[in-house]
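Written out below as structure tokens is the structure these notes cover.
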2 protein chains.
Amino acid sequence: MEFSDAKNKFVQTWGALGSQWGINKTMAQIHALLMVSADALSMEDIMEELQISRGNASMNLRALMDWGIVYKEYKAGERREFFSAEKDLDELAVKIAQERSKREIKPALKVLKEVSSTVSDTSQEAKHFTEQTTKLYDFVLKADNMLEKVTEYKDNWLARLVVKIMK
Amino acid sequence: MEFSDAKNKFVQTWGALGSQWGINKTMAQIHALLMVSADALSMEDIMEELQISRGNASMNLRALMDWGIVYKEYKAGERREFFSAEKDLDELAVKIAQERSKREIKPALKVLKEVSSTVSDTSQEAKHFTEQTTKLYDFVLKADNMLEKVTEYKDNWLARLVVKIMK
DNA sequence: AATATATTTCATTTATTTTTGAAAGTTCAA
DNA sequence: TTGAACTTTCAAAAATAAATGAAATATATT
């Protein structure tokens with residue numbers, strides 16, 4: 001396969017995968033592009049390669065930087081900014097896990113705790129509700145804690161985990 | 001909090017969480033509703049409670065059944081169908097992991113393998129691309145294998161995992 | 001301080017996804 | 001075998017999300 005075709009295929013696939021996980025397509029594509037670029041790209045480069053507008057590029061680059069998985073770079077004698085992606089995959093996984101925990105899981109836990117502990121109604125229905133949401137709270141909390149622990153390993157957590165699980 | 005308010009809050013939150021993970025809101029809401037319902041609900045019940053159309057209910061129930069996390073039930077002397085959710089959380093997690101692996105990760109792996117192994121171009125750019133996509137392939141494969149292993153434990157994999165990781 | 005270059009913002013447009021609802025399809029009972 | 005009860009399908013409508021592009025803002029250069 002031609003290099004350019006392969007790159008394109010990879011970027012498209014990564015973009016599609018992103019949407020299936022609630023990440024907007026362009027954001028995932030920019031990330032993919034930066035991941036496989038040997039050196040940092042300017043906004044112009046990204047716009048050109050993905051055929052997107054300046055505003056779109058700007059907003060999604062900002063979002064990727066907020067996630068902590070894309071960095072700004074400055075080149076000597078260059079006025080414009082360049083961007084590069086976190087290329088260490090362990091680090092990438094950790095960052096994504098941390099952000100998802102902070103943005104989505106933690107707030108959900110808060111609600112789960114609230115609804116599982118404030119229903120005083122004694123009907124069968126209400127009892128079942130409280131029981132089930134309590135279980136869910138415990139489960140999600142445990143999963144979230146696991147994510148946090150995994151994150152502390154930083155390097156090679158996945159490999160370590162695989163070893164532990166396999167045995 | 002009133003039972004009905006709590007239930008509503010839970011259903012809404014679960015729905016919002018779903019969208020952030022690429023699952024449509026109504027599908028997540030139906031699932032949430034069934035999770036906390038003491039007994040199976042008819043399509044009519046679900047339409048009523050969530051204020052959605054018949055078509056919407058039908059399609060999302062089908063999707064949930066395809067995921068293997070909602071079941072049809074038949075009641076003696078009742079013509080219409082009833083639905084209930086998988087309430088065992090370990091089982092639920094396993095099912096979701098399996099489906100996501102099958103639908104999204106496996107196809108992505110296929111593409112990663114292809115693009116990482118068919119670029120013959122010898123430019124620096126192309127070399128970097130091949131190197132990076134190969135790493136990504138290895139990483140995703142390892143993660144997917146882990147998911148599979150975890151799945152084999154069936155019961156209490158999460159608790160076990162937490163114990164292993166903590167120590 | 002004026003100008004040129006680069007980036008961000010955001011109201012509007014466009015694209016995508018989800019929902020509706022009515023017609024077609026099933027199933028069962030009389 | 002007819003028809004009532006229920007479910008599914010799918011074209012069209014509605015809702016939501018994402019992208020555009022031009023004006024505003026910021027930053028550097030002369």
Side-chain angles (χ1 to χ4, degrees), chain A residues 11-34 39-67 70-84 100 103-104, chain B residues 11-34 40-67 70-84 103-104:
Chain A
V11 168
Q12 296 308 320
T13 303
W14 209 241
L17 198 62
S19 351
Q20 287 170 315
W21 288 81
I23 285 137
N24 104 37
K25 193 187 64 180
T26 303
M27 186 169 154
Q29 287 182 340
I30 294 176
H31 182 244
L33 180 60
L34 293 176
D39 22 53
L41 301 181
S42 69
M43 206 149 98
E44 207 74 40
D45 294 334
I46 294 166
M47 288 162 59
E48 166 69 16
E49 186 102 24
L50 302 178
Q51 291 292 302
I52 59 173
S53 71
R54 191 171 296 287
N56 198 5
S58 172
M59 290 174 87
N60 282 303
L61 280 166
R62 143 96 22 245
L64 285 163
M65 288 189 293
D66 289 347
W67 276 73
V70 160
Y71 314 110
K72 244 184 207 170
E73 272 179 31
Y74 297 96
K75 290 195 185 176
E78 277 277 16
R79 185 137 158 196
R80 66 223 155 115
E81 301 168 330
F82 289 79
F83 301 90
S84 69
R100 289 236 144 180
R103 297 178 194 211
E104 295 145 23
Chain B
V11 168
Q12 296 308 321
T13 302
W14 209 240
L17 198 62
S19 353
Q20 287 169 317
W21 288 81
I23 286 137
N24 104 37
K25 193 186 66 179
T26 305
M27 186 170 155
Q29 286 182 341
I30 293 176
H31 181 245
L33 179 61
L34 292 176
L41 301 182
S42 70
M43 204 148 99
E44 208 72 42
D45 295 335
I46 294 166
M47 288 164 58
E48 166 69 18
E49 185 103 25
L50 302 179
Q51 290 294 302
I52 58 173
S53 71
R54 189 170 297 287
N56 197 6
S58 173
M59 291 174 90
N60 285 113
L61 280 166
R62 143 100 19 249
L64 284 163
M65 288 188 293
D66 289 346
W67 275 74
V70 161
Y71 314 110
K72 242 182 209 173
E73 271 180 32
Y74 299 95
K75 289 194 185 177
E78 277 276 15
R79 185 136 161 201
R80 66 220 156 116
E81 301 167 331
F82 289 79
F83 301 90
S84 69
R103 295 176 195 215
E104 295 145 23

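Side-chain atoms are counted along with the backbone in the values below, which use heavy atoms only and exclude waters and symmetry mates. Since the model is a prediction, treat every value here as computed from it, not as a measurement. Just so we're on the same page: letters track the sequence lines, and every chain starts at 1.
- The line from NZ of B/Lys25 to OG of B/Ser19 is 7.5 Å long, rounded to the nearest 0.5 Å.
- A distance of 4.5 Å separates CE in A/Met27 from CG in A/Leu64, rounded to the nearest 0.5 Å.
- Note: A/Thr26 OG1 to A/His31 NE2 = 14.5 Å, rounded to the nearest 0.5 Å.
- Remark: B/Asn24, B/Thr26 in residues 17-29 of chain B come within less than 4.0 Å of DNA chain C through at least one heavy atom.
- Residues satisfying the side-chain contact (heavy atoms from CB on, under 4.5 Å) test with B/Lys75, not counting sequence neighbours, are B/Glu78, B/Phe82.
- Taking the side chain as every heavy atom from C-beta outward, B/Lys72 and B/Phe83 approach each other to under 4.5 Å.
- For B/Glu73, the CD atom counts as densely surrounded, since its 6.0 Å shell holds more than 12 non-hydrogen atoms of other residues, nucleotides or ligands.
- Taking a 4.0 Å limit (strictly below) on heavy-atom distances, residues 70-84 of chain A reaches DNA chain C at A/Lys72, A/Arg79, A/Arg80, A/Glu81.
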Solution key, residues 54-61 of chain B side-chain donor-acceptor pairs under 3.5 Å, sequence neighbours excluded:
unit_1  : atom_1 : unit_2  : atom_2 : d
B/Arg54 : NH2    : B/Glu44 : OE1    : 3.1
B/Arg54 : NH2    : B/Glu44 : OE2    : 3.3

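- Remark: the backbone N or O of A/Ala63 is not paired with any side-chain donor or acceptor of A/Asp66 at under 3.5 angstrom.
- Within the 4.5 Å cutoff, the side chain of A/Gln29 has no heavy atoms near those of the A/Trp14 side chain.
- Using a 4.5 Å cut-off on side-chain heavy atoms (C-beta onward), A/Leu34 and A/Ile46 make contact.
- Contacts between residues 39-58 of chain A and DNA chain C, defined by a heavy-atom separation under 4.0 Å, are made by A/Met43, A/Arg54, A/Gly55, A/Ser58.
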Worked check of side-chain contact (heavy atoms from CB on, under 4.5 Å) between A/Met43 and A/Glu81: CA-CA 7 Å; A/Met43 206 149 98; A/Glu81 301 168 330; over 6 Å; no

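- Closest approach of B/Ala28 to B/Gly15, counting heavy atoms only: CB-CA, 3.8 Å.
- Atom CZ in B/Arg62 sits about 17 Å away from atom P in C/dT19, given to the nearest Å.
- Geometric assessment of B/Arg62 against the ring of B/Trp67 yields a negative cation-pi assignment under the 6.0 Å and 45° thresholds.
- Mapping heavy-atom proximity under 4.0 Å, the span of DNA chain D touched by chain B runs 5' to 3' from D/dA4 to D/dC10.
- Across the protein-nucleic acid pair, B/Met59 atom CE and C/dA24 atom C1' stand 15 Å apart, rounded to whole Å.
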